[in-house]
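Note sheet for the following structure.
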Number of protein chains: 2
Amino acid sequence: METSEALNIFRKGLEKFVVFNEAEWIVFTQHLSFISLKKKKYFAVPEQVCEKVGFIVSGSMRYFHIIDGQDITNYFSFENEFVSSYKSYLTLQPGITYIQALEDTRLITFTRDDMEQMLQNPLLAFKMEHFGRTIAEYYLCCYEDRMASFITQTPEERYLSLLETGREILQRMPQHYIANFLGITPVSLSRIRRRLMVHR
Amino acid sequence: METSEALNIFRKGLEKFVVFNEAEWIVFTQHLSFISLKKKKYFAVPEQVCEKVGFIVSGSMRYFHIIDGQDITNYFSFENEFVSSYKSYLTLQPGITYIQALEDTRLITFTRDDMEQMLQNPLLAFKMEHFGRTIAEYYLCCYEDRMASFITQTPEERYLSLLETGREILQRMPQHYIANFLGITPVSLSRIRRRLMVHR
DNA sequence: TCAAAACGTTAACTAAAGATAAGAAATGAA
DNA sequence: TTCATTTCTTATCTTTAGTTAACGTTTTGA
């Protein structure tokens, strides 16, 4: 895949957050980097500041923690989605999560430094504030739903919801990752699936 | 408390998100409303669009759901914090949560309409984009931590974390609200507290 | 002020999840 | 292919949480 093709995908993916005119786009793209991560390579690790945001052109990423030596999956990101240890990126404090490529993954990234520069650049400042606002709002909405599901639903109900709305996760992720994502262990998810098989 | 005093508190509380100059402040304040909610009155209810954001000048609010007739607390907000059913406010779709005053509460609010107008107003647009960005980023960080605590910690560990960092919640909220906030039932929290008493 | 409601704890019981281990099936790499 | 790893299921056992109900205390508000 060529750089220009990746850029087109990115521009399209950005549309719901911000639309640049040609002059803005030229400057904006000067702040972008292209990176490829081989499967299992890390985009972010705990204890380090995650100083960039990525847009996934192709591939997928997994957010996870290691607790008492155990690998616990928190979230996934796929093509046309953004990826970052946001709090770390925003506060420039060390993050608490691993972010790992689940397959060979191509990303377009910009750093916090780039963002600061664009926010200082009169030509881009307004659009970048807008971009920052809409993307943060978007993920805020995702978190609001996800948090509510943990407060109001049982693990089984969360799994049933995922069956309805989580096509991509169900199809592309191994079950033990999905289990953690639902807040339970793989063994537990296996039992839930069994219960559902038997009773329905 | 007078309106001007409330405004000063608001302006101070806003500082970490956006700083207005005098001209901007005058226009901004024209879009604000002052409301008082008696204890137990609602700021937002499910099925309805929550078309405003509030800043709590005094008092406190509780976010909760009703599931199978059961009242389940999700979150709290106190003085100097913002309150809204954000996803509903942002998407103008019906919300899924009740937001209720826990005591007589004074708020400064602006509506989604007001925000749209200010975003269209050349004098304020930039600052409002910035405000929207920083506030969404702030709450995104809160959610990231809260979500991680549900994925990586047991209820007991979440309670212990709250003991360290949740002074205000522990002091001002009844225990059965705190239990839900931690993702468990009141009975369960009572047992956890007992275990901790005995073993330490 | 006084009855009702709300709150926190405890008990008894049930249901579900965690931990661990074992084994089968699928996947992947040399 | 073959061998190792990963993945998923199942079983056993332990721990924890959910449910319901009872009880005493505190708070509330009519």
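Source: prediction; values computed, not measured. Convention: sequence-line order gives letters A, B, ...; per-chain numbering from 1.
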Inset, instruction - Please check the phosphate of D:dT10 (OP1 and OP2 only) for any side-chain N or O of A:R194 closer than 4.0 Å. - result: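 For A:R194, the contact criterion (side-chain N or O under 4.0 Å from OP1 or OP2 of D:dT10) is met.
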
State whether [Y] and [X] meet the cation-pi test: NZ (Lys) or CZ (Arg) under 6.0 Å from the six-membered ring centroid, and within 45° of the perpendicular axis.
X: A:R62; Y: A:F64; value: yes
X: A:R146; Y: A:F181; value: yes
X: A:K87; Y: B:Y143; value: no

Legend entry - Sub-4.5 Å side-chain heavy-atom contact between B:K39 and B:L102: no

Inset, instruction - Kindly check if the number of other-residue, nucleotide or ligand heavy atoms within 6.0 Å of CD (A:E47) is above 12? - result: no

Legend entry - Identified ring-ring contact (aromatic ring centres under 6.0 Å, His included) partner of B:F20 from the options B:F10, B:F28, B:F126, B:F131: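 Only one option passes, and that is B:F28.
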
Legend entry - Member of A:E24, A:E22, A:E5 meeting the salt bridge (charged side-chain N to carboxylate O under 4.0 Å, His left out) criterion with A:R11: A:E22

I'd like a table of atom pairs between the protein and nucleotides 25-30 of chain C - only N or O on both sides, under 3.5 Å - with the distance next to each one.
none

Pairwise N/O distances under 3.5 Å, protein to nucleotides 16-20 of chain C:
| from | atom 1 | to | atom 2 | distance (Å) |
| --- | --- | --- | --- | --- |
| C:dA17 | OP2 | A:R195 | NH2 | 3.1 |
| C:dG18 | OP2 | A:T185 | N | 3.2 |
| C:dG18 | OP2 | A:T185 | OG1 | 3.0 |
| C:dG18 | OP2 | A:S188 | OG | 3.2 |
| C:dG18 | N7 | A:R191 | NH2 | 2.8 |
| C:dG18 | O6 | A:R191 | NH1 | 3.2 |

Inset, instruction - Identify whether the distance between the nearest side-chain nitrogen and carboxylate oxygen of A:E79 and A:R172 falls below 4.0 Å. - result: yes

Legend entry - Pair B:Q93-B:S88, side-chain donor/acceptor within less than 3.5 Å: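 Short answer, no.
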
Legend entry - Distance-only side-chain donor-acceptor flag, A:Q175 / A:S190, under 3.5 Å: no

Rounding to an integer number of Å, can you tell me how far [X] [atom1] sits from [N] [atom2]?
X: B:Y159; N: D:dA17; atom1: OH; atom2: C1'; result: 17 Å
X: B:E157; N: D:dA17; atom1: CD; atom2: C1'; result: 15 Å
X: B:L182; N: C:dG8; atom1: CG; atom2: P; result: 13 Å

Between the protein and nucleotides 4-8 of chain D, list the N/O to N/O atom pairs that are separated by less than 3.5 angstrom.
| from | atom 1 | to | atom 2 | distance (Å) |
| --- | --- | --- | --- | --- |
| D:dT7 | OP2 | A:H176 | NE2 | 3.0 |
| D:dC8 | OP1 | A:Q175 | N | 2.9 |
| D:dC8 | OP2 | A:Q175 | N | 2.8 |
| D:dC8 | OP2 | A:H176 | N | 3.1 |
| D:dC8 | OP2 | A:H176 | ND1 | 3.1 |

